[in-house]
Amino acid sequence: MKNILIIDDDREFVQELEDILKNAGHSVDIAFDGINGFDLIKKGKYDLILLDYKMDKINGVELLKKIKVNNLTGKIIIISATVNIETCLEEADVKDLVVTICYKPFNIENFLQKITSI
Amino acid sequence: MEIVEIEKKRKILEIFFVSVLISCISIISIFHFRLFYFLSEILNIILSFILFLSVRDVRKDVSLRYLTIIGFSYFYISIISIISLASLEGLDLTAGLNNYHLMQLPLAGSFIQAGSFLAAAFFIDKKANSNFVFFTQTLCFFIILSLILSNIIFPVENINRSVPVLLCNIIEYFNCFLLIIALFIFFKKRQFIGQFIFIIISISIVISFFSDLFYVMDNNTESIICIAGQIFKILPAYLVYKIVSEQKIEKINKYEEITKILGEKEEMLRMILKNLPIGVWILNQKGEIVDSNPESKSIWKDCSYISYDLSNRRHNWMFDSGERIIPSGWDIMKVIIENEPIVNCNMEIFTKDGLLKIILNTAVPLKNSENQIIGAVVIIKNITSRFMREKRIETSNILFRLLEKCLTLREYLNEALNLINQLGRFKYSGIHLLNKENEISYESYTGFIEDQNNFIRKIKRHSDIEEIEYMTKGGSIYFNNLQNEKIVMDNSGKDIGFSSVAIIPILYGSRIIGVIHLGDDKGLRITSNFIEFLEDISPIIGEGINKYYMDEKIHRTQKELELAGRISDIGTLTATIAHEIRNPLATIKMAAYNIRKKSQSPNIEKHISNIEKKISESEQIINNLLFYSRINSVEYQEIRIYDILNESLDLIMERFKSQDVDLIRNYNLLSDKIVECDPVLIRELIDNILCNAYESVTDKKGIIEIGSKYINETIYQIYINDNGNGIDEEDLKRIYEPFFTNKKRGTGLGLCVCKQIVSLHKGEIQIENNKNEGITVNIFLPYKRIFE
C-alpha cells in the first residue's frame, strides 16, 4: 500500500493507470501537468511519483530540475515512450532523483511488482 | 687500253728507227770512212739533242724511265766513239793493243764507258720496271755489235797524235768512273754528294770539250763535230743535275713526308677507333667484317654470335634455335647492295647467360672516288639499359592510361596481357588473380588450353614450396630448355610441354595478388632482363588491379551509404511515429488489462488476449523500426549470455503462450560464460529470430530448439532451429535486405536488424533451410569485444 502521485497529461492513460494501481491497493493522486504536480509534491508526502517525460507546459526533466532546486525528495519513476532519455536526465543533472525508467508500453505485472518492491 | 696501244706502237717505231739508222751508218762506213765518221758524230749530236729535249720535257714530271733513256743514249755515244777511234787509226778493234800504245787508253776508256752506261741503264730500267726498254735497247746493242764485228778491218787514216787527244782520253776514264759513282750514290739517295759528283762530271765534259778544241786548232778540222758532240753532252748533264738537285730529291722528300703523315694519321684513327665508346665495324663488299674495334667486340662478346675468327666468320650467326644467319641475309647487306643507309635500327640479341641485349645499329655504305660501294661502316651501340628504362616508362604510361580506358577489371587485365604479348611475343600468356584464400578468383589467358592452364597452376603451387632455388630476387621462376626437350614438371604438362616457362608474381605492396605466366613451345627464350622488366611493371599492374578492387568497394560502400541515407530518413520519420504510437498502445494495453480484471469473463478473455497479442505485435514492429534507424553503435557490457537467453525465451513464451510450441533449450554450454556485448541489442536479436520462428509454425505443432555450440576459444555459436515452412531458395538471397518480406504483415526489417546487430558485434549470421523442414539460424559471436 503506497501513496502514489501520477503526473501525466495523457488523461486516458492516467485513468487506466489509476485503475490498475487502485486495484492493486495503492492510493493515487493525479496531476495533469507539471505545475500542478509540483504543487502536490510540495504539499503532500508521496511514497512514489510516476512522472511522464513528455508533457505540455513543464516537461518531466524541467519538473525534476525544479524539485532538485527546491530540495524536495521522493522516489520518482519516469514513464516514457521515448527511448534513451537517460542522457537527457544526465545532462540536466537530475538522474539521482530517478529510481527507474519505464518505457511505454510496459508489462503491467512487472510494473506492479516493481512498485511494490520499491 | 689506248694508252698502252700507243706506247707499243711508239716502241716499235723506236726500234725500227734505231735499227735503220745504225744499219745505214754501218753500210756507209764500208764505202766511205770519212762520211761514216762524219755521220757518227752527227748521230752523237742528234742523240745529245734528243736527250736535251727529253730531259727538258721531263723536268716537269721526272720519271726513272727517262733516266734509262739517258743511260742508253750515252751508251750509244760511247760505242760510236769506240768505232771512230778505231777508224781513225785504221786499226781493228784488238790491233791497237799491240801496235799503237797510245790508242789503248781511249779505246779501253770507251769500252768501260759503254759498259758502265749499259749497266746503269739496266739498273735504272729495272727500278723503273719498264722491261720493254731493256729489250729494245739490248736488240740495238746486238745490231751495232754485229756491225762492228763484220767490219774488223777499217780503212787506215794517218793521224798525228798530240797531247790534247791524250788529255781527252784520260778525261774519258775519269768521266766513266765518276758516272758509275754518281749513279750509285744517286740511288742511295745521298743527294748532296750526288750533286757534287754531277758538278765534277760537268767539269770533266768541259775539259774534254777544250781538248777537242785544241785538237781542231792542230789542223784536224773534221774534229769540229766532236766538239759539237761534247757541247751537247754538257747540256743534258746539266739538266740531269738540275732534276736531281731540285725536283727529284724534293719529290722523294715529299713522298717520305706524306708517308709519315699518313702513318701518323692512320695511327690516330686507330687510336680513336680503339677508344671510342661505340662499336665500329668495317665491312667489305661481301658483308664480311674486315676490321672492328674493341667496343664492338665487347658488345657481341657474350652473345650467341660466337667470335670474330676470320676463317669462321660466316658461321658466326648461329642462334640457339639452330637458325643460321649468313652475312648476305643480314639486314646490313641492304646497305651494300641497295646503297641504303640504316639509321638507328634496333636489334635484339641474346647473350649466353640468358640476357637480352638491345643494340642500336647505324650503317652507311663506303664508296670509293668513283662512287662505287666497296663496303660499309657499321656503328653499334649497346642501349639495353636505356632501352629497358624507356620501355619501362612507356609501358607504365600505357598501363596508367589503361586505367582510364578500361571500365572493368576484366577489360584492364585483357589489355595488360595484350601489352605483355606485344613485348614478349610468347605463344602462351596469362594473368591469374588470387583472392584472400589464395584461390584463383580470376584468369585471363591466351594460347593456353585448359589443361596447360592447370599445368601452370601446378607450377605455381609447386614453386611456392620446393622450387625456391629457381626463384629470382623478385620471386619469379623461369626455365629455358632450348634443346627442344619439353619441360615436364608434372603429369599435366606431359602432353603439351613447353620449351620455356615463366611465372612472375603480381605484387600489391608486398602481397602477391596474382601471377603473370608465360610459356612457349617454339624455343623463344625467356631472358633474365625481360623477367626483371616484368617484375618492375608487375607492381604497376598490381596497383591497377587494386584500383578496380577499390572501385568495387567504393561502389559497394556508395550503395550502402545510399541505403543508409534512405533508411536514415525513414528512421527519423519512424522514430517519431513509433513514439507517438507507443503512447496510445500503452493506454490500450492497460485498458485491456483493466477489462480483463474487471470482467473475469471467459467470453471476453479470448478477445482481450487477441488485443494483447496484436499490441505485442505492434510493439515488435515499432521496436524493429526504431532499432533499424537507431542502431549504429554497441554499448558493450560484461554479461552472462545465458541469462539474456533465458529472459528472452521467457518473454517470448509469454507472448506466444497461445501457440502450441515445444521450446527446447539446449544452451547449458553457455551457463557460466561471461561475454562482452550490448544486452539490449542481443535481446533484440534473439527476440526477432524467435519471433520469426514462432510465426513460421502457426499452422502446426511447432518445435523450436535454441542451442549453443563450442567453436573455439574466441567464438561461440547460438543456433535456433524450427520446423516451420522454411524459406524459398530464391528469397534466401534477399532476406537481409531491408524492407524485404514475404509475410502479409511486417516491415521486412527483422533479419536486416539481426544482421546489423551481429555485424556490429563482429560476428556472423547464417540462415539455411533444413533438409526436412524449417530453417536453422546460426549466429557466431565473439566472447570478447573485437576492436577494429
Side-chain angles (χ1 to χ4, degrees), chain A residues 4 6-26 28 30 32-34 48 50-56 59-61 77-90 95 100-116, chain B residues 571-572 574-600 608-609 611-633 635 647-648 650-655 657 678 680-681 683-684 687:
Chain A
I4 301 169
I6 305 171
I7 309 167
D8 198 330
D9 60 349
D10 186 342
R11 281 164 192 272
E12 292 78 17
F13 177 78
V14 171
Q15 259 181 31
E16 294 295 334
L17 187 60
E18 186 190 6
D19 238 33
I20 289 165
L21 291 170
K22 276 182 177 169
N23 278 335
H26 303 289
V28 180
I30 293 163
F32 289 118
D33 58 63
L48 207 57
L50 302 179
L51 177 63
D52 187 15
Y53 172 72
K54 205 173 166 188
M55 284 186 297
D56 294 338
N59 74 19
V61 178
I77 295 176
I78 300 273
I79 293 166
S80 169
T82 313
V83 289
N84 280 338
I85 60 166
E86 283 98 334
T87 35
C88 298
L89 295 176
E90 270 168 27
K95 194 151 183 220
T100 186
I101 302 160
C102 285
Y103 291 105
K104 285 179 187 177
F106 43 79
N107 186 305
I108 296 154
E109 301 292 339
N110 290 355
F111 178 69
L112 286 174
Q113 266 178 27
K114 217 178 259 176
I115 286 174
T116 324
Chain B
T572 326
T574 46
T576 323
I577 295 168
H579 176 76
E580 293 307 321
I581 289 170
R582 268 174 175 168
N583 273 323
L585 268 182
T587 313
I588 295 166
K589 203 171 176 180
M590 280 190 282
Y593 180 84
N594 283 335
I595 293 168
R596 177 185 281 144
K597 286 276 166 175
K598 284 175 183 172
S599 73
Q600 297 292 343
I608 297 295
S609 70
I611 291 170
E612 280 178 339
K613 196 177 162 192
K614 291 303 143 185
I615 290 167
S616 150
E617 272 180 30
S618 308
E619 273 179 60
Q620 190 66 41
I621 289 165
I622 290 163
N623 284 350
N624 276 344
L625 278 170
L626 282 175
F627 250 99
Y628 191 78
S629 55
R630 180 175 72 89
I631 48 169
N632 47 23
S633 68
E635 288 185 14
E647 271 172 47
S648 290
D650 290 348
L651 270 173
I652 209 92
M653 272 177 80
E654 176 69 24
R655 213 164 102 189
K657 63 189 170 198
D678 186 330
V680 180
L681 293 183
R683 206 170 278 143
E684 190 67 29
D687 272 7

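Letters go in sequence order (proteins before strands), and every chain restarts at 1.
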Q: What part of A/F106 is in contact with chain B, defined as an atom under 4.5 angstrom from a non-hydrogen atom: side chain, backbone, both or neither?
A: both

Q: What pairs with B/R655 under side-chain hydrogen bond (donor to acceptor under 3.5 Å, both in side chains), at least two apart in sequence or on another chain?
A: B/S616, B/Q620

Q: Under 4.5 Å from any heavy atom of chain B, what part of A/L17 do you find: side chain, backbone, both or neither?
A: both

Q: Which one wins on heavy-atom pair count under 4.5 Å against chain A: B/N583, B/I581, B/L585, B/I622?
A: B/N583

Q: Can you say whether A/I20 sits under 4.5 Å from chain B via the side chain, the backbone, both, or neither, judging by heavy atoms?
A: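 It is both, since atoms from each part get that close.
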
Q: Could you tell me if A/E109 and B/Y593 have a donor-acceptor pair between their side chains, going purely by distance under 3.5 Å?
A: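 A/E109 and B/Y593 do have a side-chain donor-acceptor pair below 3.5 Å.
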
Q: Please report the interatomic distance CG(B/N594) to CD1(B/I608), rounded to the nearest 0.5 Å.
A: 9.5 Å

Q: Are A/V61 and A/Y53 close enough that some pair of their side-chain heavy atoms sits under 4.5 Å apart?
A: yes

